[in-house]
Amino acid sequence: METLAMNAAFWQGKRVFLTGHTGFKGSWLSLWLQQMGAHVTGYALAPPSQPSLFEAARVADGMTSVIGDICDGAALRAAMAAARPDIVIHMAAQALVRYSYSHPVETYATNVMGLVNLFEAVRQTPGIRAVLNVTSDKCYENKEWDWGYRENEAFGGYDPYSNSKACAELVTSAYRNSYFHPDQYASHGVALASARAGNVIGGGDWAADRLIPDMLRAISAGQPVRIRSPHAIRPWQHVLEPLSGYLTLAEQLYQHGAAYAEGFNFGPHEQDARPVQWIIKRLCASWGPQARWELDSAPQPHEAHYLKLDCAKARARLHWQARWQLGQTIDMIVAWHQAHARGEDMRAVTLAQIDTYHNTAHL
């Protein structure tokens, strides 16, 4: 398939307002935008982990970083007004399923009302042409199907996190219909889309209760990796895969407006929907002989066993598809964390991995 290369030149000089820039995905995206010459303003809470990619790679050095709460509508509006963005990308979220069980109010406040605050800020800030809300593959009502979910499937969500992301999709639809309707694009000039991806992995993720960070913490401590759901299947992908999709979609929203004001899935190729056990064995092999694992038999809260996305729409409409196979993704993660352990310049290491990804032919 002829694939659109992501147009790095498009981002030169663009003013981008990015929420969640201190998080794992947000830090990678901030660096990529900086590398392409965008003027980035980030708005987020302080980094969510210690250590963090945001601090390890000195992400703040090349952007305007505003530490603030997405639930503080006035502060968010002030930051957006000061930034005068062309493009808004919303990634601030409470992003952990298991955390949402013990903190449901915070999860809904952040993922639903935080989004409402963002859209209200957009309504009051002139000059914005493209808005992209990043939700999750877990926004779909999970029927444990063997096939991927398409963009027109029903929203749902078993747990507070997944359900809050389904709510966020409904909020996006309501604001698009009520204030940014594609049919009235000529009068309001704002193209609003949502992007759905899940199970992103990559160097610099130190979040609690995530498979790869938990594995790397155990290996670094010389302990066996404890695995709770070895047969659960997820659409694993390197963080740069969906980020390239978000950037491609945001560019099309800016250039072509209402034609792309819809929801899009971004996921890996079919063969990279792998069980947890495959990931464990592959990462341990890549790391070296000191890495080992064992099964955690303690009772666990409900998580979906099987979930993957149908990305035919992104391939057809955006000419987007994954570039790295899962084995290469794991090798890049191991290389990143071993470089960090050696005390290397992690901003340079991260930017070099972005370069490698950008120059890789599509699968």
Side-chain angles (χ1 to χ4, degrees), residues 1-8 10-11 14 16 18-21 23-33 35-36 38 87-91 93 95 130-140 148-153 165 168-169 172 191-202 234-256 259-270 272-273 307-326 328-329 332 353-354 356-363:
M1 178 194 294
E2 179 65 25
T3 305
L4 285 177
M6 226 195 51
N7 182 10
F10 166 82
W11 294 95
K14 291 290 187 301
V16 181
L18 172 64
T19 70
H21 70 291
F24 166 60
K25 286 175 76 175
S27 292
W28 277 96
L29 185 55
S30 295
L31 286 175
W32 199 346
L33 288 165
Q35 190 178 61
M36 294 187 293
I87 296 168
V88 173
I89 302 176
H90 179 55
M91 298 207 307
V131 180
L132 178 59
N133 176 33
V134 176
T135 62
S136 168
D137 59 353
K138 296 177 181 64
C139 69
Y140 295 110
Y149 292 83
R150 295 164 297 180
E151 286 83 353
N152 59 355
E153 307 285 3
K165 286 303 191 177
E169 286 286 354
T172 302
L192 169 60
S194 63
R196 303 151 193 173
N199 289 88
V200 297
I201 54 180
R234 296 286 185 275
W236 311 97
Q237 58 185 329
H238 194 279
V239 62
L240 292 174
E241 304 281 19
L243 293 184
S244 72
Y246 305 164
L247 291 168
T248 302
L249 177 53
E251 179 184 338
Q252 297 307 310
L253 289 169
Y254 184 94
Q255 303 275 41
H256 303 293
Y260 290 86
E262 302 169 359
F264 285 84
N265 290 339
F266 298 100
H269 290 280
E270 178 86 16
D272 285 335
L307 176 65
K308 63 181 179 178
L309 298 176
D310 183 327
C311 301
K313 181 178 177 180
R315 288 196 299 272
R317 297 283 309 282
L318 300 171
H319 306 297
W320 174 91
Q321 57 182 316
R323 301 183 188 206
W324 284 351
Q325 291 180 322
L326 190 52
Q328 183 178 4
T329 288
M332 297 299 279
Q353 290 202 349
I354 292 171
T356 299
Y357 178 84
H358 196 74
N359 294 324
T360 300
H362 291 72
L363 293 173

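Values below: every heavy atom of this structure, side chains too, minus hydrogens, waters and symmetry copies.
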Restricting to non-hydrogen atoms, name the atom on A93 and the atom on K165 that form the minimum distance, rounded to 0.1 Å. CB-NZ, 3.5 Å
If you take all heavy atoms of I87 and I89, which pair is closest and at what distance? CG2-CG1, 4.1 Å
I'd like to know if the side chain of T19 reaches the main chain of M91, judged simply by a donor and an acceptor atom lying under 3.5 Å from each other, with no hydrogens or angles considered. yes
Any idea which heavy atoms bring H358 and A8 closest together, and the distance? NE2-CB, 4.3 Å
In Å, rounded to the nearest 0.5 Å, how long is the span from CG of N133 to OH of Y246? 10.0 Å
Shortest non-hydrogen contact from H238 toward P242: O-CD, 3.1 Å
Do you know which two heavy atoms are closest between G263 and R196, and how far apart they sit? CA-NH2, 3.8 Å
K313 vs E262, side-chain contact (heavy atoms from CB on, under 4.5 Å): CA-CA, chis, key distance, verdict: CA-CA 11 Å; K313 181 178 177 180; E262 302 169 359; 2.8 Å; yes
Assign the ring pair F266 / F264 to parallel, tilted or perpendicular, where the plane angle (0 to 90°) is split at 30° and 60°. parallel
Dump the intermediate steps for side-chain contact (heavy atoms from CB on, under 4.5 Å) on L240 and M332, then the final yes or no. CA-CA 11 Å; L240 292 174; M332 297 299 279; over 6 Å; no
The test is side-chain contact (heavy atoms from CB on, under 4.5 Å); show your working for Y260 and Q255 and say whether it passes. CA-CA 10 Å; Y260 290 86; Q255 303 275 41; over 6 Å; no
Nearest 0.5 Å, please: how far is NE2 in H269 from CZ in R323? 10.5 Å
Passes side-chain contact (heavy atoms from CB on, under 4.5 Å), Y357 versus E241? Steps please. CA-CA 9 Å; Y357 178 84; E241 304 281 19; 2.6 Å; yes
Value for CD (Q237) from CG (L243), rounded to nearest 0.5 Å, stands at 9.0 Å
In terms of heavy-atom contacts, Q252 and L318 come closest through CG-CD2, 3.8 Å
Under the 3.5 angstrom rule, does the side chain of N265 hit a backbone N or O of D310 as a donor-acceptor pair? yes
